[in-house]
Peer 1: 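Questions regarding the structure given below will be posed in turn.
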Amino acid sequence: MIEHFFQCPYCFEEISMLVDPSVRRQEYVEDCEVCCNPILVQVEIEEGEIVIFDAQSLEQ
C-alpha cells in the first residue's frame, strides 16, 4: 500500500489515504477523516507509483 497525502476539497485539511498499487486505475468514494464529507478519488498507477491522483468534492 502507498500512503498518499492531499488536501480535502471541503475542509482543506491535509489528510492521507492508502492506495493499492496493484490496481492500475481506481475510482471510489471515501469520507474525509476530518470533516466526514464524501470525496471522489481517482488514481492511476504506473510501475508501482502514483502518476495521477485527483480528489473532488461530491455535490450533496
Peer 1: Considering only distance and modelled atom types, tabulate donor-acceptor pairs under 3.5 Å from the side chains of residues 46-57, sequence neighbours left out.
Peer 2:
residue : atom : partner : partner atom : Å
D54     : OD2  : Q56     : NE2          : 2.5

Peer 1: Got a donor-acceptor contact below 3.5 angstrom from the Y10 side chain to the P38 backbone?
Peer 2: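 Between the backbone of P38 and the side chain of Y10 there is a qualifying donor-acceptor contact (under 3.5 Å).
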Peer 1: Please round to the nearest 0.5 Å and tell me the distance separating atom CD1 of I15 and atom CZ of F6.
Peer 2: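 Output value for this atom pair is 3.5 Å.
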Peer 1: Enter the distance from S16:OG to I2:CD1 here, rounded to the nearest 0.5 Å.
Peer 2: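 S16 atom OG to I2 atom CD1 measures 13.0 Å (nearest 0.5 Å).
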Peer 1: Write down the atom of F12, the atom of Q7, and the distance for their closest heavy-atom approach.
Peer 2: O-NE2, 3.1 Å
Peer 1: Quick one: side chains of residues 24-32, donor-acceptor pairs under 3.5 Å with protein atoms, not counting sequence neighbours, listed by atom name and distance.
Peer 2:
residue : atom : partner : partner atom : Å
Q26     : NE2  : D20     : O            : 2.8
Q26     : NE2  : V23     : O            : 3.0
E27     : OE1  : Q42     : NE2          : 2.9

Peer 1: May I ask you to list the residues sharing a hydrophobic cluster with L18, side-chain cutoff 4.5 Å, ordered by chain and number?
Peer 2: M1
Peer 1: Just how far is it from atom SG of C8 to atom CD1 of I39, taken to the nearest 0.5 Å?
Peer 2: 4.0 Å
